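Here the structure is laid out as structure tokens; the discussion comes afterwards.
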2 protein chains.
Amino acid sequence: MSSNFRKQMTSLILMETKEETCKYLDHISLDCVVFGFHSNQLKVLVLHMKTTGEWVLPGGFVYEDESIEVAANRVLKVRTGLDEIFLRQFNVFSDPHRSRRNPAVSDLILSGQTYPDASWFDKRFISVGFYALVEFSQVQPQPDELSDICEWVNLDKIGKLILDHNLILNKALETLRLQLTFQPIGYNLLPEKFTMSELRKLYETILGKELDRRNFQRKILAYDILIRLDEVRQGVAHKAPGLYKFNLDNYQKALEEGLSGRW
Amino acid sequence: MSSNFRKQMTSLILMETKEETCKYLDHISLDCVVFGFHSNQLKVLVLHMKTTGEWVLPGGFVYEDESIEVAANRVLKVRTGLDEIFLRQFNVFSDPHRSRRNPAVSDLILSGQTYPDASWFDKRFISVGFYALVEFSQVQPQPDELSDICEWVNLDKIGKLILDHNLILNKALETLRLQLTFQPIGYNLLPEKFTMSELRKLYETILGKELDRRNFQRKILAYDILIRLDEVRQGVAHKAPGLYKFNLDNYQKALEEGLSGRW
DNA sequence: GCAAAAGTGTTGTAGCTACACCCATGG
DNA sequence: CCATGGGTGTAGCTACAACACTTTTGC
């Protein structure tokens with residue numbers, strides 16, 4: 001790592017943080033598994049570190065005067081351009097050896113403007129895991145000062161991530177599965193208008209198994225949570241599928257009960 | 001609060017922590033909602049503070065070299081006498097105003113043996129909530145140095161707790177409800193041998209609604225997770241009910257699928 | 001004998017599975 | 001005109017709710 005490079009990155013960090021007077025809480029971080037759904041595949045937002053070439057989940061730290069939820073929202077707003085993201089914490093990762101000294105980062109924190117001292121990054125971090133559901137097409141992935149890429153990666157194409165981030169991802173996915181019946185997962189991952197196939201493919205991807213096309217349709221319609229629009233999807237090489245949107249009122253009510261079935 | 005009293009309590013704390021060289025992590029605490037089941041009622045373990053008379057959930061702090069799970073186990077071992085308690089984290093409570101200066105506690109921490117400095121308790125705490133399931137009769141409730149009572153209280157008799165502990169309790173209960181179908185909740189709350197009524201009352205208490213005695217029995221037996229013993233409960237003023245125990249192998253397998261039904 | 005709870009049986013129905021069949025569209 | 005996926009229908013089965021009825025015990 002060249003001295004020039006260090007200088008450049010240090011100034012980048014300072015630029016971004018200069019006006020901030022709040023300090024971060026020691027020892028506490030957050031990591032986000034941001035899910036999106038596109039071309040019938042579940043995708044996750046990941047960053048590629050400039051210095052080490054490692055892949056990481058978007059994450060950040062918590063200011064002394066904000067809740068973790070607010071911190072996660074703040075972090076994701078920068079990373080995606082979106083406000084008011086659907087966000088749920090799902091687990092705390094606190095193995096004392098989960099984090100380690102990261103020279104690429106801690107080298108930068110010499111000025112101590114926002115961090116208590118230079119060794120701040122050497123400390124052990126307890127990380128709160130969040131999963132986020134976003135509408136794929138609305139996201140403008142933005143790398144941070146330490147990364148050169150921020151992009152969507154298919155769930156089945158995710159390789160080795162930094163630290164315990166693969167564990168975090170897997171746990172997020174497991175949570176998503178368990179919460180499929182009582183969280184508005186379809187609503188948050190799909191665009192406003194969607195076809196029945198798209199909704200079903202989303203369920204199939206999350207559950208990791210195929211569902212009967214016809215039974216799925218009848219079952220989901222029986223909940224009365226969808227509104228059939230007078231539109232069809234154009235430009236497909238077969239019968240044009242009808243478009244639906246969520247009936248948000250009924251959807252919320254149905255989720256309170258849980259979408260009972262076994263899928 | 002008399003000066004004598006302060007001295008006494010300070011020495012108590014020092015006694016307990018003298019041999020410990022590890023420091024606690026700043027800003028991070030944990031709180032446990034310990035559930036027990038006795039005389040067909042769900043109970044929670046609470047402490048009564050000597051100084052302020054407030055009721056609190058058992059909790060503690062995290063050493064620099066332990067995970068939160070290990071810390072929670074350590075705390076609960078002292079409070080209950082039990083090892084290897086069934087324990088699940090369910091939420092992080094991080095509202096920046098959730099904790100406040102607690103004079104009764106922070107006055108004690110003047111020596112800085114185990115805490116970084118005297119203002120340690122004044123800091124904001126982010127608390128990881130755990131729920132624990134224990135077998136009521138096995139527990140020996142032990143107050144800590146700051147409390148004079150540690151006892152079981154019926155869920156419906158719990159009054160105002162300190163800080164946001166009522167919120168923590170409610171969230172724990174909600175989690176318990178949601179996880180009833182895929183966590184070994186019956187197994188951990190009941191004694192080894194139990195009657196069908198006891199198991200059903202447990203479900204009824206957690207779910208907050210009555211279940212049909214006969215349908216419950218047939219449904220739960222259909223899962224093949226119980227073993228009917230050749231014993232009956234004696235000394236009841238009616239037909240002696242048969243005793244059951246869990247078939248742990250089958251129970252685990254069934255929980256992986258989820259005890260499907262709607263209860 | 002009677003009250004109270006245990007234990008077993010029955011019946012109708014809702015909802016699911018597993019299909020068959022036809023429709024619309026692009027190439 | 002055919003391949004592809006959309007849309008609707010139906011028969012059989014399972015699981016469940018809502019009951020009735022019998023059994024066993026203490027008092």
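Computed from a prediction, not measured in an experiment: that's the story for all the values here. Hydrogens, waters and symmetry mates are skipped; everything else that's a heavy atom, side chains included, is used. Here is the naming used below: chain letters follow the sequence lines, and residue numbers restart at 1 for every chain.
Using a 4.0 Å cut-off between charged nitrogen and carboxylate oxygen, A:Glu257 and A:Lys253 do not count as a salt-bridge pair. Salt bridge A:Glu231/A:Lys193: present, at least one basic N to carboxylate O contact under 4.0 Å.
Straight-line distance from the CG atom of B:Asp212 to the C1' atom of D:dA18: 7 Å, rounded to whole Å. In this structure, the NE2 atom of B:His238 is 12 Å from the P atom of D:dT25, given to the nearest Å. Residue B:Leu259 contributes atom CG, which lies 15 Å from atom C1' of D:dC16 at whole-angstrom precision. Spacing between atom CZ of A:Phe216 and atom C1' of C:dA18 amounts to 17 Å, rounded to whole angstrom units. In this entry the distance linking CG of B:Leu211 with P of D:dA15 reads 19 Å, nearest Å. Taking atom CD of residue A:Gln234 and atom P of nucleotide D:dG6, one finds them 15 Å apart after rounding to whole Å. Distance, A:Glu231 CD to D:dG6 C1': 17 Å, rounded to whole Å.
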Between the protein and nucleotides 7-10 of chain C, which nitrogen or oxygen pairs are less than 3.5 angstrom apart?
unit_1, atom_1, unit_2, atom_2, d
C:dG7, OP1, B:Arg228, NH2, 3.2
C:dG7, OP1, B:Gly242, N, 2.8
C:dG7, N7, B:Arg213, NH1, 2.5
C:dG7, O6, B:Arg213, NH2, 2.8
C:dG9, O6, B:Arg218, NH2, 3.2

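Listed by first and then second residue, the side-chain hydrogen bond (donor to acceptor under 3.5 Å, both in side chains) pairs involving residues 167-180 of chain B are B:Tyr131-B:Gln179 (not counting sequence neighbours).
Residue B:Ser197 has no polar side-chain atom (N or O) positioned under 4.0 Å from OP1 or OP2 of C:dA5.
Between the side chain of A:Arg79 and the main chain of A:Gln142, a donor-acceptor pair closer than 3.5 Å is present.
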Considering only distance and modelled atom types, tabulate donor-acceptor pairs under 3.5 Å from the side chains of residues 30-45 of chain A, sequence neighbours left out.
unit_1, atom_1, unit_2, atom_2, d
A:Asp31, OD2, A:Ser127, OG, 2.5
A:Gln41, OE1, A:Asn154, ND2, 2.7
A:Lys43, NZ, A:Asn154, OD1, 2.8

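Shown here is A:Phe136, whose CZ atom has more than 12 heavy atoms of other residues, nucleotides or ligands within 6.0 Å.
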